Amino acid sequence: MESTTPRLGTLRPSEHVCFPYESEEDKATTLVAFIREGLARGERCLFIGAADDQHDLVARLEAAEVATERALERGALVVATQGET
């Protein structure tokens with residue numbers, strides 16, 4: 001499968017994209033790259049998922065050296081459940 005992460009930087013506001021994945025690891029790798037790129041561009045990133053998925057994402061972002069706690073504190077990164085949204 002062709003890597004989709006290099007194309008993330010070409011997205012513009014209001015554009016939508018769907019990333020197919022073959023494994024949970026593919027999904028996580030793409031999600032971390034997508035959020036890292038968005039935060040670097042000064043965009044607000046919203047992740048909607050179960051509490052376990054939220055914790056996994058935060059841990060993966062921190063492992064990728066993303067300033068996750070700071071992004072959460074300033075509202076640049078928002079994690080929520082379906083019920084909260």
Side-chain angles (χ1 to χ4, degrees):
M1 174 190 288
E2 177 186 340
S3 174
T4 55
T5 52
R7 292 184 272 157
L8 294 176
T10 64
L11 293 175
R12 291 177 295 190
S14 80
E15 290 185 329
H16 295 79
V17 66
C18 177
F19 295 112
Y21 56 90
E22 294 181 8
S23 69
E24 288 299 312
E25 190 60 34
D26 286 346
K27 175 183 165 183
T29 299
T30 300
L31 184 57
V32 166
F34 185 77
I35 291 175
R36 180 185 345 187
E37 177 73 24
L39 292 173
R41 290 168 48 162
E43 298 171 354
R44 187 172 194 204
C45 300
L46 169 65
F47 175 79
I48 301 170
D52 288 343
D53 295 331
Q54 292 175 13
H55 294 297
D56 182 59
L57 172 64
V58 168
R60 287 176 181 272
L61 287 168
E62 289 173 349
E65 300 182 359
V66 174
T68 310
E69 187 173 329
R70 174 149 165 65
L72 288 165
E73 288 173 356
R74 62 187 180 92
L77 175 61
V78 177
V79 293
T81 63
Q82 285 182 319
E84 293 170 330
T85 59

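Heavy-atom basis, side chains included; hydrogens, waters and symmetry copies ignored. If you're wondering where the values come from, they're calculated on a predicted model, not measured in any experiment.
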Here the gap from Thr29 atom OG1 to Tyr21 atom OH, rounded to the nearest 0.5 Å, amounts to 12.5 Å
Going by salt bridge (charged side-chain N to carboxylate O under 4.0 Å, His left out), name the residues that satisfy it together with Glu84, two or more places apart in sequence or in a different chain. none
Between atom CG of Leu39 and atom CZ of Arg74, what is the distance when rounded to the nearest 0.5 Å? 6.5 Å
Is there a side-chain contact between Gln54 and Thr81 in this structure, where contact means two heavy atoms from C-beta onward sitting under 4.5 Å apart? yes
Do the side chain of Thr85 and the main chain of Gln82 share a donor and acceptor less than 3.5 angstrom apart? yes
For Ala64, all residues meeting side-chain contact (heavy atoms from CB on, under 4.5 Å), sequence neighbours excluded: Val32, Arg36, Val66
Across all chains, not counting sequence neighbours, the side-chain contact (heavy atoms from CB on, under 4.5 Å) partners of Glu62 are Val58, Thr68
Would a hydrophobic clustering, with Ile, Leu, Val, Met, Phe, Trp and Tyr connected at side-chain separations under 4.5 Å, put Phe47 with Val78? no
Contacts of type side-chain hydrogen bond (donor to acceptor under 3.5 Å, both in side chains), residue Glu43, not counting sequence neighbours: Arg41
Qualifying residues under side-chain contact (heavy atoms from CB on, under 4.5 Å), relative to Glu73, sequence neighbours excluded: Glu69
So, taking the atom named CG in Leu46 and the one named CD1 in Ile35, what distance separates them when rounded to the nearest 0.5 Å? 9.0 Å
What is the distance from atom CG of Leu31 to atom CG of Leu57, rounded to the nearest 0.5 Å? 5.0 Å
Residues in salt bridge (charged side-chain N to carboxylate O under 4.0 Å, His left out) contact with Arg60, at least two apart in sequence or another chain: Glu25, Asp56
